[in-house]
Amino acid sequence: MASFNFSSSKSGDITIVKLSGELDAHSAPEFEKKITPIVSESGAKVVIDFSSLDYIATAGLGALMASATTIKNNNGKMVLAGMSDKIKKVFQVMGFINVFQIFSSVDEAVKSF
Amino acid sequence: MRRKLITIVLPAEKEHLAKIRKTLKEVSSDIGLDDDKIADIEFAVDEAITNIMDHAYKGIVNENNIIIIRMEIKNNKFIIKIIDRGEKFDPTKYPKPDLERHVKEHKTHGLGIFAMLSFMDNVIHKYRRGTGNILILEKNI
């Protein structure tokens, strides 16, 4: 069945988190568990790469919101990149489109820091 | 004219959500729906079923907690009927959340119902003693 994968890499002092597969109510706890140490670091700089993510549920949106709150509280910054039109529509309808800075590509997102 | 498509019975466990979405997408594609409508239905049904697991069954996983999903076409509508035996739970009775406030207050839960109602053309809830909750999601085709 469709799986979820979370991987991260570094571009200088920026952490690029790549999400693949489907972020639903089943995989959201795994996302939270893995993103929390990253966004909890003081002054963290994070790009979430959506280019390989096929699906996001509101559980995923909630986990992203929690991460955004944590990183802000730790004086860091998190931006999103590479969203498909399908996922962008979910963000738009659910009112999240203006909550995050969203870039077309990871390169653009990295340059924003 | 009514055309029954498929019936799925599964345990109310979140690991099965992906399986349901996959089947739903296949059936939607087979009946000729476009990608936008398929995506809408996938999202709404996934949210509906997640809500059932969380609220009607209170997150309890056991052999009695099952979900029945029936798909059919009737009167130019793709109809997905979701039946559970859990506590009476009518998602259509929940007020629409103030999205701006929800986001401003950094709330991380409570959008599933709104999601379901936003992506389908019609949502009806019934409760029958002996059967349980019957949630009917309709998408015009």
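Numbers restart at 1 for each chain; the letters A, B, ... are given by sequence-line order, proteins then strands.
Between B:F119 and A:V93, the shortest heavy-atom contact is CE1-CG1, 3.6 Å. Nearest approach of A:H26 to B:K14, heavy atoms of both residues: CB-O, 3.3 Å. Closest approach of A:E22 and B:K25 over heavy atoms only: OE2-NZ, 3.9 Å.
The parts of B:E42 that come within reach of chain A are both its backbone and its side chain, each placing non-hydrogen atoms under 4.5 angstrom from that chain. Only the side chain of B:D40 comes within contact range of chain A, judged by heavy atoms closer than 4.5 Å. In this structure, chain B has a heavy atom under 4.5 Å from the backbone of A:I56, while its side chain stays farther away.
Under a hydrophobic-cluster definition in which Ile, Leu, Val, Met, Phe, Trp and Tyr are linked whenever side-chain heavy atoms come within less than 4.5 Å, directly or via other members, B:Y127 and B:I68 are assigned to different clusters. Linking ILVMFWY side-chain heavy atoms closer than 4.5 Å, directly or via other members, places A:I87 and A:F96 in a single hydrophobic cluster. Cluster annotation: A:F6 is not connected to A:V106 through the hydrophobic network of ILVMFWY side chains, with a link wherever side-chain heavy atoms come within less than 4.5 Å. Taken together through direct or relayed side-chain contacts under 4.5 Å among Ile, Leu, Val, Met, Phe, Trp and Tyr, A:V110 and A:M83 form parts of separate hydrophobic clusters.
By the 6.0 Å contact criterion, NZ on B:K93 is open, its count of non-hydrogen atoms from other residues, nucleotides or ligands being 12 or less. Atom CG of B:D121 is surrounded by more than 12 heavy atoms from other residues, nucleotides or ligands within 6.0 Å. At most 12 non-hydrogen atoms from other residues, nucleotides or ligands lie less than 6.0 angstrom from CG of A:D85.
A salt bridge does not link B:D36 to A:K89: none of the charged nitrogens lies less than 4.0 Å from a carboxylate oxygen.
Contact check for B:L17 versus A:Y55: no side-chain heavy atoms found under the 4.5 Å cut-off.
Here the rule is salt bridge (Lys or Arg N to Asp or Glu O under 4.0 Å) with A:D24, and of B:R21, B:K19, B:K22 only B:R21 fits it.
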